[in-house]
Amino acid sequence: MGLKKLGRPLRSVFTKLLLVMGSMGLLLYMGIGGVYWHVIGESRLQVYQENAVKYTDYLIRELGSPPSHKRAQDITQETGLGIRFIENGPGWTTSELVPLPESLHSWRWRENNGVQFARRYNKMIVVRDTPEGKFLFSAFPDETMMMGWLVTLMVVVGLVLFGAFVTIRWILRPLRDLARGVRAISAGDLTYRVPEYRTDELGRLTRAFNHMSGRIQMMLAARERLLLDVSHELRSPLTRIKVALEFLPPDDTRSLLRNDVEEMERMITEILENARLHSRFGRLNKTHFDLRELLEEMLPEYDGRAPGVRLAHFPDQVPLFADPEQVSTVMRNLITNALKYTPADSAPVEISVESQPLQTVIHVRDFGQGIAKDELELIFEPFYRTDRSRNKNTGGYGLGLSLCKAIMEAHEGSIAVNSVVNAGTIFTLNFPQHPEDKLEKNLPAPAA
């Protein structure tokens, strides 16, 4: 995990652009430096060497014949130029920093007007052979000045890199805003709009993204509006049909028609309830109640339906602050689905509870056919069904789980699913605990 976090900045567009700019700057520096060295630098070196020849001629005349060590020391004090003189013996020097001739073999040598120049790094030695002996002249670089230039160079490079960092960050700011917009839209917040403050290509991309999200919001709102309008309009003819059925003689045809009408009423009720919970005018009737008591009243409805339902790892009291009617709807939908997709000869559907510091967690587990991994994120979408044949004997209209999700989100909770094909499915409900809830601690964990 640590390596992934460490490698994430290296994969970002920002880092890549910064590296490209740094590489381009380095290549430009090397290219310009190379041109300067081979064109301008060489010509300046030529001029320097010619002037060095004339200047050393003047110094040799100043030193007299034989060369005066005292005068050489005075020149060194005045100019900072080191002088070494070698006659037949060891000779003399004004500074030990002036190397001996035998130590100059590894230096680069060049000759100009009969004068030899030995060069290495930032040092240059002028070697003059005269009838009096051999003179070596060396200008000592000012280490303090060089260190100052080095510090200045590092500061300038740091400022340039910081400027490049700030500039690239400003240029790519719309991409970060777009990334937040994509995350918000993917999380279902279709009202989110990316700030528009640029007129370049990224600004046009931002406006196109906002236009796209607005169109998506309008299309979904129109679809929901149409669905709600149709649902409302269907209630009146269904009521008339129910009244007309009461005048028919009791037989199988009447029973079948009544069942179909009741099924349509349930579907319309789920659609309207789902829309109400998503509306800002939708309200929950929250109150304090005992979940165990609610389930004990509900479970007798499933007596005789194999493989049955049982409370596993369930405390004597499970206080909740929620809407009891909506919680009943969620539990009925989950239990009904579990029984529908579980073989009659398998283990019973289990309902368990665990207490966590800030929430009450409810598990509904079955041992049925399970759900494919690629469908787990889709089952909470309206009208989505794992059975593509849409046979009503194997399921409803794909609205039950969507309604469960809407109810849990209205309670500021969540619903999650974990499933293994041919092994079973676990739905997990997370209810935030109310400050007055006093759920028992150290409850046993749900069955594995």
Side-chain angles (χ1 to χ4, degrees), residues 13 171-239 263-285 323 326 329-330 333 371 374-388 390 392 395-417 430:
V13 177
I171 292 174
L172 297 182
R173 181 182 170 187
L175 290 181
R176 297 195 299 274
D177 295 337
L178 283 169
R180 284 193 291 269
V182 170
R183 288 194 294 268
I185 297 296
S186 63
D189 184 8
L190 296 178
T191 62
Y192 185 89
R193 295 295 180 268
V194 179
E196 299 178 12
Y197 48 85
R198 298 275 284 274
T199 58
D200 54 10
E201 291 83 353
L202 292 178
R204 291 194 292 271
L205 179 61
T206 297
R207 288 189 291 275
F209 178 87
N210 287 337
H211 180 70
M212 177 195 69
S213 58
R215 291 294 301 274
I216 293 174
Q217 185 181 13
M218 290 175 58
M219 288 188 293
L220 291 178
R223 188 191 71 172
E224 292 177 0
R225 185 73 261 167
L226 176 63
L227 190 61
L228 289 175
D229 291 342
V230 171
S231 300
H232 278 294
E233 294 299 325
L234 285 175
R235 282 199 157 184
S236 296
L238 283 177
T239 302
E263 185 177 354
M264 292 182 66
E265 280 190 324
R266 284 194 299 271
M267 181 182 67
I268 292 172
T269 300
E270 288 182 345
I271 292 174
L272 295 177
E273 185 63 20
N274 200 331
R276 186 185 73 84
L277 292 172
H278 281 99
S279 170
R280 61 191 178 95
F281 301 107
R283 293 291 183 269
L284 294 174
N285 297 318
D323 187 327
Q326 302 293 351
T329 300
V330 173
N333 283 336
I371 305 170
D374 57 348
E375 294 183 311
L376 289 178
E377 295 183 0
L378 301 174
I379 60 175
F380 296 106
E381 296 297 323
F383 300 105
Y384 182 84
R385 287 187 54 191
T386 56
D387 178 17
R388 306 302 172 85
R390 309 198 70 83
K392 70 177 183 180
Y397 293 92
L399 292 171
L401 291 179
S402 174
L403 180 59
C404 290
K405 181 180 179 183
I407 292 173
M408 293 305 299
E409 290 177 348
H411 282 84
E412 298 181 352
S414 64
I415 181 172
V417 60
N430 295 279

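- Remark: of the listed residues Q217, H211, M212, H211 is the sole one forming a side chain to side chain contact (heavy atoms under 4.5 Å, CB included) with R215.
- Around atom CE of M218, no more than 12 heavy atoms belonging to other residues, nucleotides or ligands sit under 6.0 Å away.
- Contact annotation: the side chain of F380 never approaches that of C404 to less than 4.5 Å [non-hydrogen atoms, C-beta and beyond].
- The CG atom of L205 sits 10.0 Å away from the CG atom of D200 when rounded to the nearest 0.5 Å.
- R193 approaches G214 most closely through the heavy-atom pair NH2-CA, 3.2 Å.
- In this structure, the separation between CG on L403 and OG1 on T329 is 6.5 Å, given to the nearest 0.5 Å.
- The shortest distance between side-chain heavy atoms of D177 and F209 does not fall below 4.5 Å.
- Although no hydrogens or angles enter the test, the distance criterion places a donor-acceptor pair under 3.5 Å between the side chain of D323 and the main chain of N285.
- Nearest heavy-atom pair, L378 versus D374, reported as atom, atom and distance to 0.1 Å: CD1-O, 3.9 Å.
- The two residues M408 and I415 come nearest to each other via the heavy atoms CG-CB, 4.0 Å.
- In this structure, V194 and G181 approach most closely via the heavy-atom pair CG2-CA, 4.1 Å.
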- Assess whether side-chain contact (heavy atoms from CB on, under 4.5 Å) is satisfied between Y192 and R183, documenting all intermediate values. CA-CA 10 Å; Y192 185 89; R183 288 194 294 268; over 6 Å; no

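- Note that CZ of R207 is 10.5 Å distant from CG of L202, once rounded to the nearest 0.5 Å.
- In this structure a side-chain-to-backbone donor-acceptor pair under 3.5 Å is missing from N333 to L401.
- The structure places CD of Q326 at 6.0 Å from CG of L284, a figure rounded to the nearest 0.5 Å.
- Distance CD/E196 to OG1/T206: 7.0 Å, rounded to 0.5 Å.
- E375 and I371 get closest at one heavy-atom pair: CB-CG2, 4.1 Å.
- To the nearest 0.5 angstrom, I171 atom CD1 is 7.0 Å from R198 atom CZ.
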